[in-house]
Every structure is written in C-alpha cells, then in structure tokens.
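A quick note: this is a predicted structure, and the numbers were derived from the prediction, not measured. Start at 1 with the first residue, then count along the sequence. Whatever order the structure lists them in is the order used to number ligands and atoms, beginning at 1. Scope of the values below: all heavy atoms of this structure, side chains included, with no hydrogens, waters or symmetry mates.
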Amino acid sequence: MSKIAVLGSGQVGQVLADGFLKHGHEVMRASREPAKLEKWKTTAGAKAHVGSPAEAAKWGDSAVLAVKGSAAEAAIEQAGPQNLAGKLVMDATNPIADAPPQNGVLRYFTNLDESLMERLQRKAPDAHFVKVFSSVGNAFMINPKLPGGPPTMFICGNDKGAKAEVKKILDQFGWDTADMGSVEAARAIEPLCMLWCIPGLTQNSWSHAFKLLRA
Ligand SMILES: NC(=O)c1ccc[n+]([C@@H]2O[C@H](COP(=O)([O-])OP(=O)(O)OC[C@H]3O[C@@H](n4cnc5c(N)ncnc54)[C@H](OP(=O)(O)O)[C@@H]3O)[C@@H](O)[C@H]2O)c1
C-alpha cells in the first residue's frame with residue numbers, strides 16, 4: 001500500500017483515484033479548487049483525501065499527473081518540483097491542442113522531435129516521470145475486460161526503479177506492460193492517443209485497446 005497523489009480533478013483523475021483505492025492504496029486528489037472534490041471524498045471512503053496540488057505532491061509517495069495537456073507544465077509548477085523530487089510521477093497527459101480534429105485526427109501542440117513528457121521532465125528534473133495510461137480511454141484503465149485478454153500499456157521514462165513500480169501497478173490493474181525505454185520514447189507513445197481516438201471520433205466506437213504481439 002502506498003500514498004498516491006492524483007493531480008487531476010477530471011474524469012481520468014477520478015477513475016485512477018478510484019482504481020488505486022480499489023487496490024488498497026491511499027489517495028489524495030488535488031485541484032486548484034479542492035472544494036470541488038469534497039463530494040468525491042465523502043463517497044470514496046476513509047483512505048480518500050483532497051488537497052491543493054502542492055499539499056498532495058508533498059504528501060504522496062508518488063503522483064499521477066492527469067491534467068489538461070496544455071496545463072501540464074503549469075500543474076507541475078503548482079505542485080512544486082521540489083515536492084516531487086525523487087518520486088515516481090505517472091504521466092497520463094496528452095498534448096492535445098485547442099484546434100479541432102481533422103477527419104478524426106487530433107491535433108497536438110508538440111511535434112515528433114519533442115514530447116510533452118520531455119518538457120515536464122525538464123520542469124522537474126529530479127522527479128521520475130513515467131508515461132502511462134495515456135494510450136487508452138478512461139473506461140478501460142482499471143482491470144479492462146476485453147475478448148483478446150489483457151491489453152498492452154506502453155510506458156517509458158528514465159528511471160528503472162520508477163518503471164518497475166509502474167509495472168507492479170499495471171499488474172494489479174490488469175495490464176500487460178511494454179517498456180519502450182527512456183523519456184524520448186514519449187514522442188511515440190503520446191501519439192497513440194491520436195490513433196486510439198480515430199475510431200471514436202469517426203465512428204463513435206470507443207471500446208478498444210492496443211495489444212503488442214511478441215514472437
Ligand atoms: N479522457 C480520457 O479518457 C483520457 C485517456 C487518456 C489520457 N487522457 C489525458 O488525461 C488528462 C486528463 O484528462 P481529463 O479528461 O480527466 O481532464 P481535463 O478536462 O483534460 O483536465 C482537467 C484537469 O486539468 C486541470 N487544469 C485545467 N487548466 C489548468 C491550468 N490552467 N492550470 C492547472 N491545471 C489546470 C484541472 O485542474 P483544476 O481542478 O485545478 O481546475 C483538472 O485537474 C489529459 O491530458 C488527457 O489528454 C485522457
């Protein structure tokens with residue numbers, strides 16, 4: 001059991017917070033307006049807490065970042081890079097731009113030579129960022145049941161120990177883990193969200209996840 005700070009008051013923050021609670025962890029969710037999470041706290045039980053981004057980041061043994069992509073760098077500032085130093089930060093964000101999708105293809109404010117997670121890692125150089133949960137819809141993040149068996153979560157990050165922690169969490173959450181290497185691999189993982197969303201945006205089909213087949 002560990003203490004997980006969930007920086008995210010949206011749908012992804014809620015699903016992941018509930019998933020960590022379900023698997024026996026203690027959770028503090030954060031918002032710039034913590035009062036809006038009070039209702040969640042009262043229904044989520046004794047191991048559920050609410051705080052400001054800095055309070056949560058300080059309290060947690062590790063953190064989840066689940067904020068709007070364009071606000072992710074600001075959210076790290078608000079949490080305080082010093083409060084995240086030496087800790088695993090599970091980065092679920094995607095760099096989705098404000099411009100509308102083109103024929104079902106989301107637009108990003110990053111490019112293929114620089115991912116959002118590389119920017120975040122520079123903002124908090126002593127935190128151990130691991131990209132995870134970014135390439136699937138929130139309905140399938142916790143113990144997904146799909147006919148083809150456990151889907152694959154693509155992860156990356158610079159710290160081997162942090163990635164080992166994430167692998168344990170993904171085992172609990174019912175996922176196969178594929179470690180793609182260092183932070184730069186986020187350049188390839190973040191666009192998987194674009195691919196994942198195309199059937200949804202073009203055919204209203206959202207019930208799928210990726211699986212890596214190995215020989
Ligand atoms: N939706 C999915 O199924 C899915 C799947 C995979 C990955 N993702 C990614 O997960 C992330 C969260 O998605 P979501 O749909 O749950 O939430 P969202 O609506 O994209 O973002 C809401 C969160 O962003 C924060 N935020 C917004 N503007 C901010 C600012 N200027 N400064 C600091 N924080 C700000 C909010 O904090 P306050 O409470 O302080 O306002 C809140 O925690 C996104 O990056 C998304 O691409 C989503």
Side-chain angles (χ1 to χ4, degrees), residues 4-20 27-41 49-57 60 63-81 83-84 89-101 105-110 115-120 123-124 129-144 146 151-156 166 169-170 173 175 186 188-201 204-210:
I4 316 276
V6 175
L7 310 173
S9 63
Q11 186 65 22
V12 175
Q14 168 141 358
V15 163
L16 290 175
D18 290 344
F20 280 105
V27 171
M28 186 183 289
R29 278 182 81 191
S31 167
R32 292 168 298 169
E33 299 166 65
K36 72 182 176 191
L37 294 168
E38 281 301 322
K39 195 172 161 208
W40 169 80
K41 188 181 127 179
H49 314 277
V50 162
S52 70
E55 283 166 346
V64 170
L65 184 64
V67 299
K68 192 172 179 221
S70 57
E73 288 182 271
I76 292 298
E77 284 296 332
Q78 290 151 15
N83 295 326
L84 298 170
V89 181
M90 292 168 261
D91 174 24
T93 63
N94 282 306
I96 299 171
D98 289 333
V105 181
L106 291 170
R107 294 175 197 259
Y108 274 18
F109 59 78
T110 49
S115 62
L116 178 56
M117 195 166 84
E118 288 169 87
R119 294 191 193 178
L120 301 176
K123 276 256 164 228
F129 282 89
V130 176
K131 197 90 216 173
V132 59
F133 301 121
S134 61
S135 56
V136 72
N138 64 79
F140 291 97
M141 286 180 181
I142 311 297
N143 303 106
L146 289 157
T152 304
M153 185 65 74
F154 294 91
I155 70 166
C156 70
V166 168
I169 289 163
L170 288 171
F173 286 12
W175 283 85
I189 296 176
E190 289 172 359
L192 291 177
C193 161
M194 299 168 73
L195 188 63
W196 189 87
C197 285
I198 289 173
L201 293 170
N204 199 27
S205 168
W206 301 96
S207 300
H208 49 268
F210 297 123

Fill in: Distance-minimising heavy-atom pair for Pro34 and Val50
O-CG1, 3.3 Å
Worksheet entry | Every residue of the protein that comes under 4.0 Å of ligand 1, judged on heavy atoms | Gly8, Ser9, Gly10, Gln11, Val12, Ser31, Arg32, Lys36, Ala66, Val67, Lys68, Gly69, Ala71, Gln78, Ala92, Thr93, Asn94, Ile96, Phe133, Ser134, Val136, Gly137, Asn138, Met141
Report all side-chain donor-acceptor pairs from residues 129-142 shorter than 3.5 Å, counting only partners two or more places apart or in another chain.
residue	atom	partner	partner atom	Å
Lys131	NZ	Asp91	OD2	2.7
Lys131	NZ	Thr93	O	2.7
Lys131	NZ	Glu190	OE2	2.8

Worksheet item: Does Glu118 have any salt bridge (charged side-chain N to carboxylate O under 4.0 Å, His left out) partners at least two apart in sequence or in another chain, and if so, which?
Response: Arg187
Discussion item. I'd like to know if the side chain of Arg29 reaches the main chain of Gly8, judged simply by a donor and an acceptor atom lying under 3.5 Å from each other, with no hydrogens or angles considered.
Written reply: yes
Fill in: Closest contact, heavy atoms only, Phe210 versus Pro151
O-CB, 3.3 Å
Worksheet item: For residues 6-17, which residue pairs qualify under side-chain hydrogen bond (donor to acceptor under 3.5 Å, both in side chains), counting only residues two or more places apart or in two chains?
Response: none
